[in-house]
Amino acid sequence: QVRLVESGGGSVQAGGSLTLACVATGEDFRINILSWYRQTPASLRDFVASIDSAGTTKYADTVKGRFTISRDNVPNMVYLQMNSLKEEDTGVYYCAFTGVVGGGLPTHRSQYSDWGQGTQVTVSS
């Protein structure tokens, strides 16, 4: 089992920036996929961005050009640089892990085996 711990959430005004971080420990997976999801009271846990061990990335259309996902493979850490934040970016951001690779970067939450506890991001006008 993989343990994921997120950090970096907080409150920011619209147009501002935040960087989230997540560390994955507990398994010695050399090849994996780490992703970020966002959950709001009005939605399910929605895909935001993902990155595999080779650095291939995928983004939700709503964050393309504003958010950047990156990672360090030793240790397993993933970051989410969020710029030009909007009120609709508000939510709890979760880090997700899967050791199942091949076939592209998954975006459905059911394809991830381990989740962090989440970190709150609040964007105000």
Side-chain angles (χ1 to χ4, degrees):
Q1 185 176 0
V2 176
R3 182 169 183 257
L4 302 168
V5 179
E6 302 99 336
S7 61
S11 297
V12 65
Q13 287 193 319
S17 299
L18 280 175
T19 300
L20 306 182
C22 171
V23 58
T25 58
E27 292 287 349
D28 187 24
F29 288 116
R30 303 298 177 90
I31 300 174
N32 56 59
I33 298 170
L34 292 165
S35 297
W36 289 97
Y37 280 73
R38 174 172 66 206
Q39 186 166 2
T40 70
S43 73
L44 298 174
R45 202 168 289 187
D46 296 328
F47 172 77
V48 174
S50 63
I51 186 168
D52 66 14
S53 301
T56 303
T57 60
K58 179 184 285 187
Y59 296 91
D61 288 342
T62 54
V63 306
K64 278 181 183 176
R66 300 188 298 120
F67 290 11
T68 301
I69 190 170
S70 60
R71 66 182 289 165
D72 292 321
N73 287 335
V74 181
N76 274 328
M77 290 204 64
V78 62
Y79 307 93
L80 187 68
Q81 174 67 44
M82 304 184 294
N83 298 326
S84 303
L85 282 161
K86 304 175 181 180
E87 288 185 75
E88 52 263 42
D89 294 320
T90 294
V92 179
Y93 283 71
Y94 294 90
C95 180
F97 172 99
T98 179
V100 179
V101 299
L105 297 175
T107 59
H108 197 281
R109 55 193 177 277
S110 66
Q111 295 171 289
Y112 290 86
S113 55
D114 298 275
W115 295 82
Q117 81 290 349
T119 185
Q120 176 71 45
V121 171
T122 302
V123 184
S124 59
S125 60

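Since the model is a prediction, treat every value here as computed from it, not as a measurement.
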Exercise. Test side-chain contact (heavy atoms from CB on, under 4.5 Å) on Arg71 and Asn76 and set out the steps.
Key: CA-CA 7 Å; Arg71 66 182 289 165; Asn76 274 328; 3.3 Å; yes
Quiz item: Should Val23 and Trp36 be counted in the same cluster of Ile, Leu, Val, Met, Phe, Trp and Tyr side chains packed under 4.5 Å apart?
Solution: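 In one cluster: no.
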Exercise. Treat each ILVMFWY residue as a node, draw an edge where side-chain heavy atoms are under 4.5 Å apart, and state whether Ile33 and Met77 are in one component.
Key: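 Looking at the clustering, Met77 is in a separate group from Ile33.
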Quiz prompt | disulfide bond (SG atoms under 2.5 Å apart) contacts touching residues 71-117 (sequence neighbours left out) | solution =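 Passing the test, one end in residues 71-117: Cys22-Cys95.
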Practice problem: Begin with the C-alpha distance, continue with both residues' side-chain angles, and end with the deciding distance and a verdict on side-chain contact (heavy atoms from CB on, under 4.5 Å) for Asp89 and Met82. | Solution: CA-CA 9 Å; Asp89 294 320; Met82 304 184 294; 6.0 Å; no
Could you pull out the closest heavy-atom pair between [X] and [Y], with the gap in Å?
| X | Y | answer |
| --- | --- | --- |
| Ile51 | Leu105 | C-CD2, 4.4 Å |
| Pro106 | Tyr112 | O-OH, 2.7 Å |
| Gln111 | Thr107 | OE1-N, 3.5 Å |
| Ala24 | Leu34 | CB-CD2, 4.3 Å |
| Ser124 | Glu87 | C-CG, 4.2 Å |
| Asp114 | Leu4 | O-CD1, 3.3 Å |

Quiz item: Do the rings of Tyr94 and Trp115 sit parallel, tilted or perpendicular, given the 30° and 60° boundaries?
Solution: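 The arrangement is perpendicular - the two ring planes meet at more than 60°.
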How long is the span from the [atom1] atom in [X] to the [atom2] atom in [Y], to the nearest 0.5 Å?
| X | Y | atom1 | atom2 | answer |
| --- | --- | --- | --- | --- |
| Arg45 | Thr40 | CZ | OG1 | 11.5 Å |
| Thr119 | Leu18 | OG1 | CG | 9.0 Å |
| Ser35 | Asp52 | OG | CG | 9.5 Å |
| Asp46 | Gln39 | CG | CD | 8.5 Å |
| Gln1 | Thr25 | CD | OG1 | 10.0 Å |

Exercise. Evaluate the criterion side-chain contact (heavy atoms from CB on, under 4.5 Å) for residue pair Asp72 and Tyr79; output intermediate values, then yes/no.
Key: CA-CA 9 Å; Asp72 292 321; Tyr79 307 93; 3.0 Å; yes
Can a donor-acceptor pair be found, under 3.5 Å and without considering hydrogens, that links the side chain of [X] to the backbone of [Y]?
| X | Y | value |
| --- | --- | --- |
| Ser53 | Asn32 | yes |
| Thr90 | Val123 | yes |
| Tyr59 | Ile69 | yes |
| Glu6 | Gly118 | yes |
| Ser17 | Leu85 | no |

Quiz prompt | Val121 vs Leu20 side-chain heavy atoms within contact, under 4.5 Å | solution =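 Yes, close enough: below the 4.5 Å cut-off.
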Self-check item: Carboxylate-amine/guanidinium proximity below 4.0 Å for Asp61 and Lys64
Solution: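 Looking at Asp61 and Lys64, the cut-off is met.
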Exercise. With Arg109 as the cation and Tyr37 as the aromatic partner, state whether NZ or CZ is under 6.0 Å from the six-membered ring centre and within 45° of the axis.
Key: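 Not satisfied by the 6.0 Å and 45° rule.
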Quiz item: Just wondering, more than 12 heavy atoms not from Gln120 lying within 6.0 Å of its CD?
Solution: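 More than 12 heavy atoms, drawn from other residues, nucleotides or ligands, come within 6.0 Å of this atom.
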Quiz item: Can you check side-chain contact (heavy atoms from CB on, under 4.5 Å) on Arg38 and Val63, steps first, answer last?
Solution: CA-CA 11 Å; Arg38 174 172 66 206; Val63 306; 4.2 Å; yes
